[in-house]
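This report refers to the structure that appears directly beneath it.
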Amino acid sequence: MTLPDFLDVVDSHTEGEPTRVVVSGGPPLGDGPLSERVKTFRENFDAYRSAMILEPRGSDVLVGALLVDPVETNCAAGVIFFNNTGYLGMCGHGTIGVVATLAHLGRIEPGTFRLETPVGTVTCTWHGNGRASIENVPSYRYRRDVTVEVPDYGTVRGDIAWGGNWFFLVKDSPERLTADNVQRLTDITLRIRAALEASKITGKYGGLIDHIELSGPPVSPDADSRNFVLCPGGAYDRSPCGTGTSAKLACLMADGAIQAGQVWRQESIIGSIFEGVARWNHNLVIPTIVGRAFIVAESRLVFDPRDPFREGIRT
Ligand code: PYC
């Protein structure tokens, strides 16, 4: 496949975590279910992802979002999220970034609409002034109090939960949750993730646990908890992580530690905050996450056929 000459994108950050939305162009993925279109993207057009996300045009922290036609007729659009290593089921900060981008482009007014993702439909509300809410896909705790032996570190205990991606959540972080400790936090969470994989500990139906979330006491008096979230590509989430906060809410609801409708304020490792609230739908938790996103750039990414790194630097 060949890349186009250029792609127009809008970059934003949601509570510190960046999102790049493709606003014109993008690969032809057909009109099948979004999960099949992800497969087509991965197998036939992965150079679009690498060219947009990897250096020299992007970075390991960046999440990309491609808007596509939805299958569900009650959805305004479909969206496929991707990062430095592959494709995400859902992305909470990214959805808030998409909503702010659509508002910036004048494509939406304050109000509510639905977006289709490869793992289900989310309901978005644009409140204006950078603020958006997303009612996420149904979330749940799959296993409680799972222990894993991390070589040369020790036993780590956590819950496995789904919030649109699979998470291993450690309630009482064994490490200091401060921004000056992210190197160590990254190292430890990478080792926890490798140990889970080596021990064949997975989400339901063998789902790969690719996000690790450590929680501890907040720094801000306005927050209930602080987290550090390792993302699939090895970067840490600068935001409190929308799908991670959803997984956390599912665990808190399962424990009876919060009640339906109670606000949970989740602080990130850099001190930004998402507000979360959840309700039960039978035995599943429906989380709503509120956060702010701001536009930081409107750009044209250029792919010069003579450029040896036009598909990004794959290491
Ligand atoms: O906000 O859900 C999220 C997310 C996942 C990976 C990075 N951010």
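As the structure lists them, so they are numbered: ligands from 1, and atoms in each ligand from 1.
- Hydrophobic clustering (side-chain heavy atoms under 4.5 Å, transitive across Ile, Leu, Val, Met, Phe, Trp, Tyr) groups Tyr153 together with Ile212.
- Polar contact check, His93 against ligand 1: a nitrogen or oxygen pair lies under 3.5 Å apart.
- Contacts between Cys231 and ligand 1, counted as non-hydrogen atom pairs separated by less than 4.0 Å, involve the side chain only.
- Only the side chain of His211 comes within 4.0 Å of ligand 1, judged by heavy-atom distances.
- Here Asp237 has side-chain heavy atoms under 4.0 Å from ligand 1, and that is the only part of it that gets that close.
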Item to check | Candidate pair Val22 and Tyr48, rule side chain to side chain contact (heavy atoms under 4.5 Å, CB included), full reasoning | outcome: CA-CA 10 Å; Val22 184; Tyr48 274 78; over 6 Å; no

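- Checked for salt-bridge contact, Arg238 and Glu15 miss the test: no charged N lies under 4.0 Å from a carboxylate O.
- The N/O atoms of Ser239, backbone and side chain alike, include none that comes under 3.5 Å of an N/O atom in ligand 1.
- Close N/O approach between Gly242 and ligand 1 is found [any backbone or side-chain N/O within under 3.5 Å].
- Between Asp307 and Arg57 there is a salt bridge, with a side-chain nitrogen of the basic residue lying less than 4.0 Å from a carboxylate oxygen of the acidic one.
- Closest approach of Arg49 to Asn83, counting heavy atoms only: NH1-O, 2.8 Å.
- Looking at Glu213 and Lys248, no side-chain N of the basic residue comes within less than 4.0 Å of a carboxylate O on the acidic one, giving no salt bridge.
- For the pair Gly92 and ligand 1, the shortest N or O to N or O distance falls below 3.5 Å.
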